[in-house]
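Letters A, B, ... mirror the listed sequences (proteins, then strands); counts begin at 1. Below, each value reflects all heavy atoms present in this structure, side chains not excepted, and no hydrogens, waters or symmetry copies. Computed from a predicted model, the values in this text were never measured in an experiment.
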Amino acid sequence: MELYLLAVVVGVGFGCLARFRLLRTDFRQYPTYPQGRFIHLSLGFIAAFIGAVAVPSVLDSNWTAVTFLGLAATQFREVRKMERDTLEKIDEDELVKRGSPFIEGMAQAFESRNYLVMFTSLVTTLLTVFSIWLGIVGGFIMLFIVKRNMSGMILSSIADVKEGEIRFEGPNLYVSDIHIKNVGLEETRQLIQDRAVGVIVIPKGEDSIVTLSHLGQRQAMLHQVATVLGSYLDSGEPSLLPLSKRNMNDGRIGLFMMPQERDFKQIKTVLEHVPVLDSAIRLPSEADKGKGKR
Amino acid sequence: MATIVAVVTSNEERAKGGGAPVFIVKDHDALQKVGGSLEKILDCTAHEITDDTLIIVER
């Protein structure tokens, strides 16, 4: 009895630690306000508890108790749906929107983190039943694995970021050679010439070309820069909204944005750290499309 | 899909019927001024179609 109590406590402890670590490491995590963090940590605690408690049940051959793991799955799905709905609602009022694919990715990450916490505490509890030191070592190994798994790809691994020249040909705004949009008012053109920054994102390979063409990925890039570096923007100024356009010949993306500070080095750093959305990743190079075969 | 919510032109010939209100102005400066006001009021974007015509588009 006491052994189980110790195992469960150690398991729950490591589960909560795992959740706390996950909360900090990925900068895409949004709960910076107290309530959000608290909700995430509490749900993490519940997930850890469920995972930990499953072990004594199984060891006592109380198989039916394991069905509550299925209940946990339903609960996490519900919570993910709630997160997604909240984020979508908040996104409506953002100056530069996140976009649905980004939000979907965040909600999915939220759900998967709860599962990771559950498995961490389950494994740790199981190991602690045999030996507390084994449990503690196993717990740290799980923390390491969990942290490694949660860091997805960032943009610098699939693309190069270069500065593009903002120029006008009459009313047409170009970033280098990529046409962005038609700007009707001369006042706005002057404003753009003074304050806008153009970026060209060059994909590194066949896979990156398709991944970068994803609208959600492009919107995520614009949102990230606007959030981190501020935006010279307001509601009622749709002509200043950041925009991305694709060069259809070679897959390069031209970004037009108006950050608060016109400093390309900062923009480049932020863009290089933009996460590659799970829903945007495509691997055409691995598809069997008969390319090159006779 | 985008909709043209207004047309501003300094050339009367440009304006034919179509559903969007047409604002006829005297010259280029007035064109810019009226276009600018409409852009702010309607929360839409002004685009230049020809030298003497702007359209205000809602997306």
I'd like to know which of B:L54, B:I55, B:D43, B:I41 tops the heavy-atom pair count under 4.5 Å against chain A.
B:D43

NZ (A:K289) with more than 12 external heavy atoms under 6.0 Å
yes

Within 6.0 angstrom of B:I4 CD1, more than 12 heavy atoms from elsewhere:
no

Answer yes or no: are there more than 12 heavy-atom neighbours, outside A:Y232 itself, under 6.0 Å from its atom OH?
no

Heavy atoms, side chains only, cut-off 4.5 Å: are A:S239 and B:E39 in contact?
yes

Please list, in residue-number order, every residue in residues 170-195 of chain A that has a heavy atom less than 4.5 Å from any heavy atom of chain B; write 'none' if there are none.
A:P171, A:N182, A:V183, A:G184, A:L185, A:E186, A:E187, A:T188, A:R189

I'd like to know whether NZ of A:K81 has more than 12 heavy-atom contacts from other residues, nucleotides or ligands below 6.0 angstrom.
no

